[in-house]
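Because only heavy atoms are used, hydrogens play no part in the values below, and waters and symmetry mates are left out as well, while side chains stay in. This one's a predicted model, so the numbers in the text were calculated from it and none came from an experiment.
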Amino acid sequence: MLRIIDTHAHVDELEDLAFALQKARETGLEAIIAVGSSTESNQKVLEIHQEHPNFIYPALGLHPWELGNLNSTQIGLTLNLIKDQISGITAIGEIGLDYDKRVLKRATKDLQKEVLKRLLLLAKEHDKPVAVHSRYAWKDCFDLVNNIGTQKAVFHWFTGFSSVLREIIDAGYFISCTPAAEYHEEHRRAIKETPVEQLLLETDCPVAYGRENKYRSQPSDILRSLQAVASIKESSETDIAQQTTLNAKRLFNI
């Protein structure tokens, strides 16, 4: 059985967590990086980690989508929670920027950048990797991450410009590959252009994938990510699994 790591999963949002984790183990998953997105989400991630300490590895974050729901005091409380738990977490994430017009109506670019900067500085201070969301904000995200001097980062589900991707690669950062690699041309292009030594696998579950036949993902769907990447890279699933697992262990120190 192939040993695989899901490097980005919202396990706190899974409807039947016990079933999903059992199926994940049967699939060959040896670890899941569970990302948080808000105070409530982060607390759930920590609880799940305590129940599965050698399988679920916690990453606490503040998603840009959440900023429109919070005032400055609430943002501060979320950041303080992450800081208070910093010694026991694997990474900081999900964090980043999102320039979709629906998000910008509620959270300005300046607010998003300020929060991301604070989280990146916290990660740098404590030598933690970051999981970065960068939808339609690829260049600004990279510049913030790089200019602060972040040593370890993954740009999850990357679909951005090749010019920014080259900067990500040159900086030694990673991108992660979702089941959307089966059909999403920009994501497929990014995977093709990235050295396998800088690729990770993820599901971003429980996000819905597919175009004609949609499905709600779970960690076991990491096999779809694996198969898609192997096809794009014209490599074997065994080789991709081994390299991406090695990459994940190196990035997240697990």
Side-chain angles (χ1 to χ4, degrees), residues 1-14 16-37 41-61 82 85-95 123 126-133 151-158 173-179 181 191 194 196-207 217-230 237-254:
M1 182 181 294
L2 300 177
R3 309 307 299 171
I4 317 170
I5 296 176
D6 184 348
T7 62
H8 193 108
H10 297 273
V11 295
D12 58 295
E13 299 177 17
L14 292 169
D16 189 339
L17 178 62
F19 174 77
L21 295 187
Q22 177 185 349
K23 190 173 180 182
R25 292 179 188 275
E26 293 171 354
T27 298
L29 273 166
E30 65 175 70
I32 299 172
I33 307 299
V35 295
S37 57
S41 171
N42 289 334
Q43 289 170 337
K44 288 182 179 179
V45 164
L46 290 172
E47 292 171 4
I48 295 169
H49 161 65
Q50 290 170 359
E51 295 171 1
H52 306 273
N54 298 314
F55 187 51
I56 303 294
Y57 292 84
L60 305 188
I82 297 171
Q85 298 291 332
I86 196 72
S87 63
I89 64 176
T90 300
I92 292 181
E94 180 173 359
I95 62 176
H126 295 275
D127 192 30
K128 296 292 181 178
V130 293
V132 181
H133 174 101
Q151 294 297 309
K152 296 177 286 187
V154 51
F155 288 76
H156 109 96
W157 195 344
F158 190 80
Y173 300 142
F174 294 82
I175 72 162
S176 54
C177 316
T178 74
I191 293 166
T194 302
V196 69
E197 292 80 11
Q198 287 170 261
L199 290 177
L200 304 174
L201 302 179
E202 63 152 300
T203 61
D204 201 21
C205 65
V207 72
S217 61
Q218 55 183 307
S220 58
D221 289 310
I222 198 71
L223 289 181
R224 300 181 76 132
S225 304
L226 171 64
Q227 291 160 1
V229 172
E237 293 177 19
T238 298
D239 287 347
I240 296 297
Q242 289 177 343
Q243 185 64 58
T244 55
T245 297
L246 179 64
N247 297 344
K249 289 181 176 180
R250 178 159 59 92
L251 176 63
F252 294 108
N253 193 29
I254 57 175

Contacts of type salt bridge (Lys or Arg N to Asp or Glu O under 4.0 Å), residue Asp127, not counting sequence neighbours
Lys152
Min side-chain heavy-atom separation Leu14-Pro219 under 4.5 Å:
yes
Taking side-chain hydrogen bond (donor to acceptor under 3.5 Å, both in side chains) as the definition, give me every residue that meets it alongside Gln22, ordered by chain and number, with sequence neighbours left out.
Glu26
Could you go through Leu17 and Val11, starting from their C-alpha distance and side-chain angles, then the distance that decides it, and tell me whether this counts as side-chain contact (heavy atoms from CB on, under 4.5 Å)?
CA-CA 7 Å; Leu17 178 62; Val11 295; 4.1 Å; yes
Atom pair CE (Met1) and CG (Leu29), whose distance is rounded to the nearest 0.5 Å:
10.0 Å
Please enumerate all residues that pass side-chain hydrogen bond (donor to acceptor under 3.5 Å, both in side chains) together with Ser217, with sequence neighbours excluded.
none
Is the count of non-hydrogen atoms from other residues, nucleotides or ligands lying under 6.0 Å from Glu13 atom CD greater than 12?
yes
Side-chain donor-acceptor distances from residues 45-55 under 3.5 Å, at least two apart:
{"residue": "His49", "atom": "ND1", "partner": "Ile56", "partner atom": "O", "Å": "2.8"}

Working for side-chain contact (heavy atoms from CB on, under 4.5 Å), residues Thr194 and Phe158
CA-CA 11 Å; Thr194 302; Phe158 190 80; over 6 Å; no
Rounded to the nearest 0.5 Å, what's the gap from CG on Leu201 to OG on Ser225? Could you check?
6.0 Å
Could you tell me the separation between the NE2 atom of His8 and the SG atom of Cys205, rounded to the nearest 0.5 Å?
9.0 Å
Any residue meeting side-chain hydrogen bond (donor to acceptor under 3.5 Å, both in side chains) with Asn42, in chain and number order, not counting sequence neighbours
none
If you take all heavy atoms of Val35 and His10, which pair is closest and at what distance?
CG2-CE1, 3.5 Å
Contact check, side chains of Ser176 and His156, non-hydrogen atoms, under 4.5 Å:
yes
Which pairs of donor and acceptor atoms, one on a side chain in residues 245-254, lie under 3.5 Å apart (sequence neighbours left out)?
{"residue": "Thr245", "atom": "OG1", "partner": "Arg3", "partner atom": "O", "Å": "2.7"}
{"residue": "Thr245", "atom": "OG1", "partner": "Ala241", "partner atom": "O", "Å": "2.8"}
{"residue": "Asn247", "atom": "OD1", "partner": "Gln243", "partner atom": "NE2", "Å": "2.8"}
{"residue": "Asn247", "atom": "ND2", "partner": "Val196", "partner atom": "O", "Å": "2.9"}
{"residue": "Asn247", "atom": "ND2", "partner": "Glu197", "partner atom": "O", "Å": "3.3"}
{"residue": "Asn247", "atom": "ND2", "partner": "Leu199", "partner atom": "O", "Å": "2.8"}
{"residue": "Asn247", "atom": "ND2", "partner": "Gln243", "partner atom": "O", "Å": "3.3"}
{"residue": "Lys249", "atom": "NZ", "partner": "Glu30", "partner atom": "OE2", "Å": "3.0"}

side-chain hydrogen bond (donor to acceptor under 3.5 Å, both in side chains) between Thr203 and Asp221, intermediate numbers included
CA-CA 6 Å; Thr203 61; Asp221 289 310; over 6 Å; no
Does the side chain of Leu223 reach to within under 4.5 Å of the side chain of Ile4, using non-hydrogen atoms?
yes
Spatial distance of atom SG (Cys177) from atom CG (Asp204) [nearest 0.5 Å]:
12.5 Å
Rounded at 0.5 Å granularity, tell me how far CD1 in Ile5 sits from CD1 in Ile33.
6.5 Å
Provide the closest heavy-atom pair for Ser41 versus Asp12 in the form atom of the first, atom of the second, distance.
OG-OD2, 3.1 Å
Going by heavy atoms in the side chains, are Pro206 and Gln218 under 4.5 Å from each other?
no
Is the shortest side-chain heavy-atom distance between Pro129 and Val154 below 4.5 Å?
no
Would the distance check show the side chain of Gln198 and the main-chain N or O of Tyr173 forming a donor-acceptor pair, the cut-off being under 3.5 Å?
yes
Would you find a donor on one side and an acceptor on the other, under 3.5 Å apart, between the side chain of Thr178 and the backbone of Glu202?
no
From Ile82 atom CD1 to Leu60 atom CG, the distance as rounded to the nearest 0.5 Å
6.0 Å
